[in-house]
Amino acid sequence: MRLDLITIVVDDYDQAIGFFVGALGFDLVEDSAALTDDGRPKRWVVVRPPGGETGVLLARADGERQGGAVGNQVAGRVGFFLRVDEFDAVYERMVAAGVEFVTPPRTEPYGRVAVFLDIAGNRWDLLGSATR
């Protein structure tokens, strides 16, 4: 058993792909035409960290209720965790790519951490080893 996908609701497919692929360095795994349950066009867009198994389904908000969830999928808490081997190098690359960090890097018992916002405004932890 494994967790295959999680969904992040976004405003725009292409902007979200640009953020996850361009700024975070994820791989674009799939971008296919699809249909909603009632037959309207949509896209099936999956991104994944290089070498990762779990993907992120980027789902464009459909309607007012889903639009209200953009950026607030976990009620303002950190809800996503991106673990990296080279924390400082990845942090610097992300800053240079324009990723908004809401906390500076710090060291906790579980490792190095800094909180950033994704394209939709959801909070993520960038995590690395406690050793520098």
Side-chain angles (χ1 to χ4, degrees):
M1 185 181 314
R2 66 185 167 99
L3 182 62
D4 191 46
L5 294 171
I6 61 160
T7 298
I8 294 182
V9 181
V10 299
D11 287 322
D12 180 85
Y13 291 118
D14 294 321
Q15 289 177 358
I17 290 168
F19 177 82
F20 281 92
V21 173
L24 298 189
F26 284 27
D27 295 327
L28 179 60
V29 176
E30 185 172 358
D31 185 355
S32 303
L35 296 174
T36 63
D37 290 341
D38 60 359
R40 291 175 290 121
K42 68 174 185 176
R43 287 161 64 185
W44 182 262
V45 178
V46 177
V47 295
R48 182 173 36 228
E53 290 188 24
T54 302
V56 177
L57 175 68
L58 301 174
R60 187 184 63 207
D62 184 13
E64 188 175 319
R65 182 171 180 217
Q66 290 181 21
V70 173
N72 195 31
Q73 292 198 184
V74 290
R77 295 189 58 123
V78 172
F80 309 98
F81 303 84
L82 181 60
R83 182 160 298 277
V84 297
D85 293 329
E86 301 291 332
F87 180 90
D88 291 327
V90 172
Y91 173 80
E92 293 300 326
R93 184 184 55 74
M94 289 171 64
V95 167
V99 175
E100 180 182 354
F101 280 85
V102 296
T103 68
R106 66 185 189 277
T107 301
E108 297 289 344
Y110 52 84
R112 302 265 294 142
V113 62
V115 178
F116 69 92
L117 302 178
D118 68 19
I119 187 80
N122 297 298
R123 290 176 173 254
W124 290 63
D125 271 359
L126 177 66
L127 297 167
S129 171
T131 58
R132 294 184 83 178

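Only this structure's heavy atoms are used, side chains among them; waters, hydrogens and symmetry mates stay out. Here, residue 1 is the first one in the sequence, and each next residue gets the next number. This is a predicted model, so every value here is computed, not measured.
Dense packing is recorded around CD of Q66, with more than 12 heavy atoms of other residues, nucleotides or ligands lying under 6.0 Å away. Within 6.0 Å of the CZ atom in R106, the count of heavy atoms belonging to other residues, nucleotides or ligands exceeds 12. Within a 6.0 Å radius of CD in E53, no more than 12 heavy atoms belonging to other residues, nucleotides or ligands are found.
Taking all atoms of both residues into account, the shortest heavy-atom contact from Y110 to V113 is OH-CG1, 3.9 Å. Taking both residues in full, the closest heavy atoms of P50 and D27 are given as CA-OD2, 3.5 Å, listed atom of the first, atom of the second, then distance. The minimum heavy-atom distance between K42 and L35, with the atom names listed, is CE-O, 3.4 Å. In plain terms, the two heavy atoms of A120 and V70 that are nearest each other are CB-CG1, 3.7 Å. Nearest heavy-atom pair across T54 and R48 is O-CG, 3.4 Å. The two residues M94 and A23 have their closest heavy-atom pair at CG-O, 3.9 Å.
Cluster annotation: F101 is not connected to V74 through the hydrophobic network of ILVMFWY side chains, with a link wherever side-chain heavy atoms come within less than 4.5 Å. V21 and Y13 fall within a single hydrophobic cluster, where Ile, Leu, Val, Met, Phe, Trp and Tyr are joined by side-chain heavy atoms under 4.5 Å apart, directly or via other members. By the criterion of side-chain heavy atoms lying less than 4.5 angstrom apart, applied directly or through intervening Ile, Leu, Val, Met, Phe, Trp or Tyr residues, I6 is grouped together with L126 in one hydrophobic cluster. V99 and V84 fall within the same hydrophobic cluster, defined by Ile, Leu, Val, Met, Phe, Trp and Tyr side-chain heavy atoms under 4.5 Å apart, directly or through other members. No single ILVMFWY cluster, assembled from side-chain heavy atoms under 4.5 Å apart, contains both V47 and W44.
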| query | So D14 and R43, side-chain contact (heavy atoms from CB on, under 4.5 Å) or not? Walk me through it. | reply | CA-CA 10 Å; D14 294 321; R43 287 161 64 185; 3.0 Å; yes
| said: side-chain contact (heavy atoms from CB on, under 4.5 Å) for F26 and L82? Distances and angles first, verdict last. | reply: CA-CA 11 Å; F26 284 27; L82 181 60; 3.9 Å; yes
| task | Any chance you could lay out the salt bridge (charged side-chain N to carboxylate O under 4.0 Å, His left out) test for R2 and D4, step after step, and finish with the verdict? | result | CA-CA 6 Å; R2 66 185 167 99; D4 191 46; 3.1 Å; yes
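You'll find the side chain of L117 reaches within 4.5 Å of the side chain of R123, heavy atoms only. Two residues are said to be in side-chain contact when any heavy atoms from C-beta on lie closer than 4.5 Å; V56 and L58 meet this criterion. For the pair I8 and Q73, the minimum side-chain heavy-atom distance is below 4.5 Å. Looking only at side-chain heavy atoms (C-beta outward), R112 and D88 come within less than 4.5 Å of each other. Using a 4.5 Å cut-off on side-chain heavy atoms (C-beta onward), F20 and L28 make no contact.
Considering CG of D31 and CD1 of I17, their distance stands at 4.5 Å, rounded to 0.5 Å. Interatomic distance, CG of N122 versus CZ of F80, reported as 5.0 Å (0.5 Å rounding).
Note on ring orientation: taking the six-membered ring where Trp is involved, the planes of F19 and F116 are tilted (angle from 30° to 60°).
For D12, the salt bridge (Lys or Arg N to Asp or Glu O under 4.0 Å) test picks out no residue, with sequence neighbours left out.
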